[in-house]
Amino acid sequence: MKIKDSVVTFNSLIKRRGFIWGPSPEIYGGLAGFYSYGPAGMALKNNIMALFRKELRYFGFGEVECPTIMPSIVWEASGHLERFIDPVIRCSKCDTLYRVDKFLQEVLPDLLVDGLSNDEMEKLIEQHNLTCPKCGTPFNKIESYNLMLKTQVGNNVDAYLRPETATTTYLLFNRLDQDARRQYPIKVYQFGKVYRNEISPRQGVLRMRAFDQFELQLFISKQQEMDFEDYEEIKTNKLPLLDWKLQEKNLDKPQLISLENAIKKELLKKPAYAYCLYVGYYLTKILGIPEQVIRFRQHSINERAHYADDAWDLEIETKQFGWVEICGIHDRTDYDLRRHSEFSKQNFEVSMGSDPKIKEIPQVLEIAFGIDRIIYTLLENAFNVEEGRIVLKLDPQLAPNTVAVFPLVRNKEDIRNLAIKAHKDLLENRLGSFFDSAGSIGKRYRRQDELGTPFCITIDYESLEDNSVTIRERDTMDQIRVDISKISKAIKLRLKI
RNA sequence: GCGCUCUUAGUAUAGUGGUAAGUAUGCCAGGUUGCCAACCUGGCGACCCGGGUUCAAUUCCCGGAGGGCGCACCA
């Protein structure tokens, strides 16, 4: 294949090598917003999650998993039924769709549109004789565009597929409170599928209708938010922050600033929230994403979700799509727990300090990753074209294959057998080894380069003499010889495991 | 969702109202090969779906699905 345009080459690589396929189901023409992962993509995803799980154990987080379907009342309480359903008006002539509230606010800037019912908004349209800005035609009635997918459970009980994992985690609050023996902050996370009925999904896996979230939650007291032990250990770390004041000045370069200073300068209000930014940054960095393409962008006040007191997005710069949000860090206050407490009639007030008489509903800080976006941005950043070679420079721990084993030539039985033996030995050591004897040796190296395999082992004629093999390193293409009995050890050493 | 535009092997593309839909790469089998997409032999593989016009449609027309771009949307 000719390597011309790198974006085209990249997009075809993703498909050819079995990372991501779709829209699914491809054989039926596909449904927009749905994608499948091939073996390489899934291996990558699993490796990312394995790494995250290991790291989160270190940070003191436990993992939970909840159903992806929840009854209506949950979404009433969470505010999603009210806020996740967009009221829209449609032009009766040109069929253009407008968000009613946004449209009204734009046309009638002096009015407080927020919180008006559909009837009230319809009245406003009538009163002011508002028509479609495009063609001047009157509007139809207000319709609802529901971003949540509705379904029915059992005997016609209305339920919704969850649009985020976070809410389902909050529903476990009283269990978690017991489970953690009231040791606050409680740190938990959930990984799993969520569903959003996007109006027009685009940009491949960046905006899917079914995707994986990986959301971390801190249940924490107000006092701890301001005086947080874990913060002290990390406060000198510098993060690239682009607050909304900078954005208002039309700047898009973040300032590299220590969390300590960010608090001092009131870019950030709470040390515990600053800690969340750090965790998000840390998890992104250990995937091998370079600093230069990472920034935190603060939401402006009207960009924020209904539950958020402060919100920063961790964004990664991509060639194809510009800055892409891969993680949202939200100060959700006590909004969620308060609402679920009200709707479920449970008492979520707990004593979180030394005085048992002082009770409060915990605050929630959230670090929400979109795993599929991580995978896309990671692949794009790892993708390199160098003098005719396509290579994915993935972190060795994340690569779909850790090591590939080749006989130098296919038709010499002794060499082949020795190669198979080496391959099996790696597998015995539970290292992700892949055996290939097809085509020339160079071809096999190239195949593995495209998959991001960090190490290739070649068994040659010399191996038959002295039991030594070559280890070829992906990024430099350098080779060293090691004894065949020491391959697994050598690979583990390089993986730092 | 609206407008414009596109859709041909796994990937990237050429082309056609009619008898074998071409090329590159890939893949498979075999040969060759003493370390970076080499070579030889043989083989595999495609006109997005539905309807219409036509003696005949992958090609023209209509509709649908999907992709790209612009608008809207993206709590």
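Below, chains carry the letters A, B, ... as their sequence lines are ordered, and counting in each starts from 1.
For A:Ile441 and B:rU32, the CD1 to C1' distance is 15 Å, given to the nearest whole Å. Atom OH in A:Tyr35 sits about 5 Å away from atom P in B:rG67, given to the nearest Å. When rounded to the nearest whole Å, the span between CZ of A:Arg16 and P of B:rU13 equals 13 Å. Separating the CZ atom of A:Arg17 from the C1' atom of B:rU25 is a distance of 11 Å, rounded to the nearest angstrom. Put simply, CZ on A:Arg474 is 16 Å from C1' on B:rC36, counting in whole angstrom units. Atom NZ in A:Lys15 sits about 11 Å away from atom P in B:rG67, given to the nearest Å. At whole-Å resolution of the value, CD1 in A:Ile415 and C1' in B:rU33 are 11 Å apart.
Pair check for B:rC2 finds B:rG70; Watson-Crick or G-U wobble, both atom distances under 3.5 Å. Pair assignment for B:rU59 gives none, since no Watson-Crick or G-U wobble pairing has each distance under 3.5 Å.
A donor and an acceptor atom never sit less than 3.5 Å apart when one is taken from the side chain of A:Arg196 and the other from the base of B:rC74. Between the base of B:rC35 and the side chain of A:Gln479 there is a donor-acceptor pair shorter than 3.5 Å. Taking only distance into account, the side chain of A:Tyr445 meets the base of B:rC35 through a donor-acceptor pair shorter than 3.5 Å.
In this structure, A:Arg446 reaches the B:rA37 phosphate: one of its side-chain N or O atoms is under 4.0 Å from OP1 or OP2. Contact annotation: A:Ser440 reaches the phosphate of B:rA38 (side-chain N/O to OP1 or OP2, under 4.0 Å). Taking only side-chain nitrogens and oxygens, A:Asn411 never comes nearer than 4.0 Å to OP1 or OP2 of B:rG31.
When the nucleotides B:rU11, B:rG67, B:rA72 are ranked by their closest atom to the side chain of A:Ser200, B:rA72 comes out on top. Across B:rC74, B:rG34, B:rA37, the shortest atom-to-atom separation from the side chain of A:Arg207 is found for B:rC74. In this structure, the nucleotide among B:rG67, B:rC27, B:rC71 sitting nearest to the side chain of A:Arg447 is B:rC27.
Classified by interplanar angle (parallel below 30°, tilted 30° to 60°, perpendicular above 60°), the ring pair A:Phe296/A:Tyr281 is tilted. Aromatic ring pairs are classed by plane angle as parallel below 30°, tilted from 30° to 60° and perpendicular above 60°; the pair A:Phe219 and A:Tyr170 is perpendicular. Between A:Tyr376 and A:Phe10, the ring planes lie perpendicular to each other; the angle is over 60°, past the 30° to 60° tilted range.
Comparing B:rU32 with B:rA57, their C1' atoms sit 47 Å apart, to the nearest whole Å. For the C1' atom pair drawn from B:rC47 and B:rA9, the interatomic distance equals 10 Å after rounding to whole Å.
Comment: A:Lys270 does not engage A:Asp310 in a salt bridge, judged by the lack of any side-chain N to carboxylate O separation of less than 4.0 angstrom.
The backbone N or O of A:Gly452 lies less than 3.5 Å from a partner atom in the side chain of A:Arg474, making a donor-acceptor pair.
Between A:Val409 and A:His330, it is A:Val409 whose nearest contact on RNA chain B lies nearer the 5' terminus.
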